[in-house]
Amino acid sequence: MIKQISTIALVAIAAIAFTGCSGEKKATEVKTYKYSTTEVYEKSCSKCHGLNGEGNVEKKTPALNDRTAGEMAQDLFDVKNGGTNQSSGTDHEIMEHNMQKLVDKGFDYDINSMAEYMSKLSKK
Ligand code: HEC
């Protein structure tokens, strides 16, 4: 009987310890990307948006170097999540479609890192 109780206690402790551990692991888990933010920008985004994010009239691409990192992060989030600007309701259907193709090619990126990179483009 005592042995049985201690077994249950052990299982309970193990379960708690395990949950705590996996929770901790999740928080520190970092998504890894095939290319660095700079590589993604220079190998893909720049082809349509320009090396300095100045935009391209012929390709009908908007400039991406005209806003703060915070604003850019919001816009990047939008094109990665359904294509509609959460605040203004602007549609980014084309870019959403492009983004899916780019992700398939390995050109995925961390939103905050890309936003930071783009916010510095015009000052290069
Ligand atoms: C094949 C050309 C092409 C490539 C490559 C491309 N874009 Fe775009 N992008 C467009 C076009 C066209 C638009 C405008 C239409 C739209 O918003 O859907 C646009 C719009 C955007 C917008 C929304 C514009 C705004 O003012 O908020 C963001 C953000 C964006 N692109 C980011 C990127 C990033 C980041 C990359 C690289 C990973 C990239 N684009 C690569 C063509 C491209």
Side-chain angles (χ1 to χ4, degrees):
M1 181 60 184
I2 289 169
K3 204 177 171 198
Q4 207 176 3
I5 291 171
S6 65
T7 309
I8 292 166
L10 258 181
V11 170
I13 291 165
I16 292 163
F18 187 73
T19 325
C21 186
S22 71
E24 204 176 293
K25 202 178 164 199
K26 213 173 190 177
T28 55
E29 200 175 287
V30 178
K31 192 173 175 202
T32 50
Y33 298 96
K34 194 172 170 195
Y35 300 110
S36 71
T37 300
T38 309
E39 283 172 328
V40 169
Y41 191 83
E42 290 179 352
K43 283 179 205 261
S44 79
C45 321
S46 69
K47 293 196 176 136
C48 292
H49 291 281
L51 261 182
N52 290 313
E54 66 275 25
N56 183 318
V57 180
E58 261 168 54
K59 293 190 172 174
K60 296 191 169 70
T61 57
L64 297 176
N65 61 5
D66 57 354
R67 55 205 99 164
T68 65
E71 290 161 342
M72 195 68 239
Q74 180 64 57
D75 293 329
L76 290 173
F77 179 86
D78 293 339
V79 298
K80 276 188 147 192
N81 295 278
T84 305
N85 187 297
Q86 310 282 306
S87 44
S88 69
T90 321
D91 225 350
H92 294 304
E93 251 176 60
I94 302 169
M95 190 57 222
E96 184 204 351
H97 179 77
N98 288 342
M99 199 53 235
Q100 270 158 13
K101 284 204 283 185
L102 293 175
V103 169
D104 289 345
K105 287 189 195 157
F107 292 125
D108 199 4
Y109 53 84
D110 177 73
I111 287 179
N112 290 320
S113 168
M114 184 59 88
E116 194 62 42
Y117 178 87
M118 286 178 161
S119 71
K120 294 191 182 120
L121 281 178
S122 56
K123 289 139 206 139
K124 253 185 168 181

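Because the structure is a prediction, the values reported are computed rather than measured. When a ligand or atom number is given, it counts from 1 through the structure's own listing order.
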Could you tell me if the side chain of Met95 sits less than 4.5 Å from the side chain of Asp78, heavy atoms only? no
Do Thr61 and Lys47 have side-chain heavy atoms sitting under 4.5 Å apart? no
Numbered in order shown, the ligand 1 atoms found under 4.0 Å of a heavy atom of Leu102 are 37 (C), 38 (C), 41 (C)
Between Ser44 and ligand 1, does any nitrogen or oxygen pair lie at a separation below 3.5 Å? no
Answer with side chain, backbone, both or neither: which part of Glu93 has a heavy atom less than 4.0 angstrom from an atom of ligand 1? backbone
Within the 4.0 Å heavy-atom shell around Met72, which atoms of ligand 1 are there? 29 (C)
Hey, could you give me the SG/CE distance between Cys45 and Met99, rounded to the nearest 0.5 Å? 7.0 Å
Take Tyr33 and Val40 through the test side-chain contact (heavy atoms from CB on, under 4.5 Å) and record every step on the way to the result. CA-CA 10 Å; Tyr33 298 96; Val40 169; over 6 Å; no
Which is it for Arg67 and ligand 1 at heavy atoms under 4.0 Å: side chain, backbone, both or neither? side chain
Taking only heavy atoms of Thr61, which atoms of ligand 1 are found under 4.0 Å from at least one of them? 10 (C), 11 (C), 12 (C), 42 (C)
Note: ligand 1 atoms sitting under 4.0 Å from heavy atoms of Leu76 are 29 (C), 35 (C)
Side chain, backbone, both or neither: which part of Tyr109 has a heavy atom under 4.0 Å from ligand 1? side chain
Min N/O separation Phe107 to ligand 1 under 3.5 Å: no
Is the terminal nitrogen or CZ of Lys105 (NZ for Lys, CZ for Arg) located under 6.0 angstrom from the six-membered ring centre of Tyr35 and within 45° of that ring's axis? no
Between CG on residue Asn81 and CG on residue Leu76, distance to nearest 0.5 Å: 10.5 Å
Proximal atoms of ligand 1 relative to Ile94 (non-hydrogen, under 4.0 Å): 12 (C), 15 (C), 18 (O)
Report the C-alpha distance between Val103 and Gln100 in whole Å, list the side-chain angles of each, state the deciding distance to 0.1 Å, and finish with yes or no for side-chain contact (heavy atoms from CB on, under 4.5 Å). CA-CA 5 Å; Val103 169; Gln100 270 158 13; 5.8 Å; no
Is there side-chain contact between Glu39 and Tyr109, with heavy atoms separated by less than 4.5 Å? no
For Asn98, counting its heavy atoms only, list the atoms of ligand 1 lying under 4.0 Å from any of them. 1 (C), 2 (C), 3 (C), 7 (N), 10 (C), 42 (C), 43 (C)
About how many Å separate CG of Leu121 and CG of Leu64, when rounded to the nearest 0.5 Å? 8.0 Å
Applying a heavy-atom cut-off of 4.0 Å, say which part of Leu64 lies close to ligand 1: side chain, backbone, both or neither. side chain
Heavy-atom contact under 4.0 Å between Met118 and ligand 1? yes
Rounded to the nearest 10 degrees, what's the angle NE2 of His49 makes with SD of Met95 at atom 8 (Fe) of ligand 1? Could you check? 170°
Given side chains that start at C-beta, do those of Lys60 and Cys48 come closer than 4.5 Å, heavy atoms only? no
Given Cys48, Pro62, Ala73, identify the one with the heavy atom nearest to atom 13 (C) of ligand 1. Pro62
